[in-house]
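Input: a single structure, listed below in structure tokens.
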Amino acid sequence: MDLSLSDEQKQLQDAAERFVRDKYTFENRRKIAATEKGWLTENWAQMAELGWLGMAFSEEDGGYGGGPIETMIVMEQFGKGLVLEPFLPTVVLGGGMIAKAGSKAQKESLLAPMIEGKKQFAFAWLERQSRYNLADVSLKATKEGNGWSLSGHKGVVYNAPSADHIIVLARTSGSAREEKGLTLFVVDAKAKGITRRDYPTQDALRASELTFDKVSVGADAVLGKVDDAFGVVEDAVDHAIVALCAEATGCMDAINAATLEYIKTRKQFGVPIGKFQVLQHRMVDCFTNAQEARSMTLMASLKIDDKDSVVRRKAASGAKVQIGKSGKFCGQSAVQMHGGMGVTDELSVSHYFKRLTMIDLMFGNQQHHLTRYSNLAMAA
Amino acid sequence: MDLALKPEHKAFADEVRAFARANLSPATKAKTFSGKHYDKDDHIQWQKALGRQGWLAYTWPRKYGGPGWDVTQRFLFENVLAEEGAPRIIPFGPKMVGPVIYTFGTDEQKERFLPGIRSSEVSWCQGYSEPGAGSDLASLRTKAVRAKDATGDHYIVNGQKTWTSFAHWGDWIFCLVRTNPEAKIQEGISFLLIDMKTPGVTVRPIVMLDGAHHVNDVFLDNVKVPVENRIGKEGEGWTCAKFLLANERLGIAEVPSSKRGVRSLKDIARAEPMDGRTLADDPAFTAQIADLDLQVQALEMSELRALSTMALGGAPGPEVSTLKIRGSEIQQRITELTMEAVGAYAAPYQPGLLFQDTNETPVGPDHAPPAAPRYFNFRKTSIYGGSNEIQKNIVSKMVLGL
């Protein structure tokens, strides 16, 4: 057993730390969030240059042979800076599914340019009734000549406004909520029949509601096997969950550091408020929560490529439960200890709090993953 | 002892309900149930209607123009109005400065200020906190120096107040100021009423984390305040301050609106789809609602017990701090569970739907847009009115003698 980072991994961590320090001061981040697309082309180009867009993919797929640990290292730093570039939807989800299920031609036409920073993706799985059930899909794809025709609705599709391609989860057979009968399609974001309604999210990202009205795609748009996408999707989402957990640990470190600094400097009753035991103990609980979050994230990152799918799923859900719990505790405590300043837009603490809150709601909150973990653990 | 209502109380509740239905604007009511922010008119039109009826200052004794209601009537009044979707009464006039004026003020001051508060013709805001004086309120530094000129005796006030809710709508502000820098810190404070139109008063908005603007900084730069605007003796402002804070703590338990919040949470759970059924069919979620429901009942009964003690002639004691603590925690829990009930559709941020009159439609279900912003915004409830940490210090010291 060895839980230390390799030299290459340390260099990656340094580079990501430097990126965040240089590009994501709080004031810079505010400016980036206020731009129309909500992220910067030059930052994306730099990520490509630094090799981050390809680091988690195998060399035969055009990547650099890393894996979940590399993703964890970078995502953690992104969390510290509340980075807005669409790494999760494009690289972890889109790239992940193409690497796992894509044909040689799809890897060449989609994954290779993505690694170069020339293509972005969005993953459209959620529908109004889905809640956190990945199989609750009613958008229909029906055979049309050699190809397919897609009709239906997808909601809260992150990065849809900027994506070149939308990866759509559609029902090709089976009944509502059946895992069998789902198929993935890679659809040109500008395809005829797609209507987009774009909006910002609470945590300054961009997303869209998408309506598909008889959108025609060729047979080559199918990613993986027809009717058999559920396993690919579940695995990609579990990888995304672990990446999100790493981002959350970065957020928690940053929000805890800001709070610690604040209670050391803010004076009331003639002393820094950090002299009061009730705040000292709460700060210790924040620190402990962040430690537990880091531990569960590391464990999940080490297990998420395990051969056994039960191990993988338990790892992702277990970490997500911890992140939900710790993120809420650190976020709420940071706001409370900052007093009135904590609920203003002016300080970074409220922005970390909002991101941590939204991370809990992505791909299933704490309660959802506790149930999922419990079902997996009891079945074993 | 009896929990059941007497017939005259039932008739009273019917009267309040009929009044609300006849006088509350449908647009304002709709905002309550959709979670949209009220504008100044929503509040003032409603408060003026209550004022005309003699009900705005509903906690006041008859002697000062209040209705002189008993505890049960107050309880029914608050609950019926919350059920009918009325905005909460902005407390700074009728609940805060009004009782201070009739308790500590001179006859001239009562005559001058109470009618405008009862009718809502005059809007008030609160100048307590300062950038350096939050939890440690008594360390406030806004200075008031006595000066005399041809127009009479004055204070010249300099300093900054912060977290001032509705200062941008306020006609008057009541302020704690330091009149004697030499005295022990709580003894050098006086309670002044300041006309917001006086030269030297500047209001600057503070934007909250959900994008809302309710609170402000208030700068006081050589503001000339006539000595007759001081309530109580010079140097005795802290007595008024404490009296007012105890009233504030009682009011901010917000039980009626929490009951409305739990009802609305149940409705949302029944409407939110989950696995072909609804969230209300998920026992893990409904158990959390039930737990909250019980917490609200405990809080309500505790508040009723405190009120019935007061009805027997007691003033609100330090134990009301526990109501503020639990009241704020419950309000926060309601917003938290509501957001979790909404799930992924809590993510879209649609400020237009929260703050403006707009034709914009919600991205998700109608109940989704305010869910996350309310959760974020309501973190303030355990901070304002004396943070919960301070409330626990009060209970520990004053009630438990630790």
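Lettering of chains follows the sequences in order, A, B, ..., and the numbering in each one begins at 1. As the structure is a computational prediction, the values presented were derived from the model and not from experiment.
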query: Is the backbone N or O of B:G134 less than 3.5 Å from a side-chain atom of A:Q268, with the two atoms forming a donor-acceptor pair by type?
result: yes
query: Within the distance-only criterion (no hydrogens, no angle test), does the side chain of A:D345 pair as donor or acceptor with the backbone N or O of B:L209 below 3.5 angstrom?
result: no
- request: Look at A:K267, A:R266, A:M362 and state which one has the largest set of heavy-atom pairs under 4.5 Å with chain B.
  value: A:R266
message: Counting only non-hydrogen atoms closer than 4.5 Å, does A:M341 touch chain B with its backbone (N, CA, C, O), its side chain (CB onward), both, or neither?
response: both
- request: Please report the C-alpha distance between A:V278 and B:K392 in whole Å, then the side-chain angles of each, then the deciding distance to 0.1 Å, and finally whether the side chain to side chain contact (heavy atoms under 4.5 Å, CB included) criterion is met.
  value: CA-CA 10 Å; A:V278 66; B:K392 286 183 186 177; over 6 Å; no
- prompt: Non-hydrogen atoms of chain B under 4.5 Å away: do they reach the side chain of A:Q336, the backbone, both or neither?
  reply: both
For B:K397, salt bridge (charged side-chain N to carboxylate O under 4.0 Å, His left out) partners two or more places apart: none
message: For A:D203, which atoms come within 4.5 Å of any heavy atom of chain B: side chain, backbone, both, or neither?
response: neither
query: Which atom pair, heavy atoms only, marks the closest approach of A:R197 to B:P362?
result: NH1-O, 3.6 Å
query: Of the backbone (N, CA, C, O) and the side chain (C-beta and beyond), which part of A:T357 lies under 4.5 Å from a heavy atom of chain B, both, or neither?
result: side chain
- request: Select all residues of residues 320-333 of chain A having any heavy atom within less than 4.5 Å of some heavy atom of chain B, and report them by number, or 'none'.
  value: A:K328, A:Q332
query: Is the backbone N or O of B:P348 less than 3.5 Å from a side-chain atom of A:Q202, with the two atoms forming a donor-acceptor pair by type?
result: yes
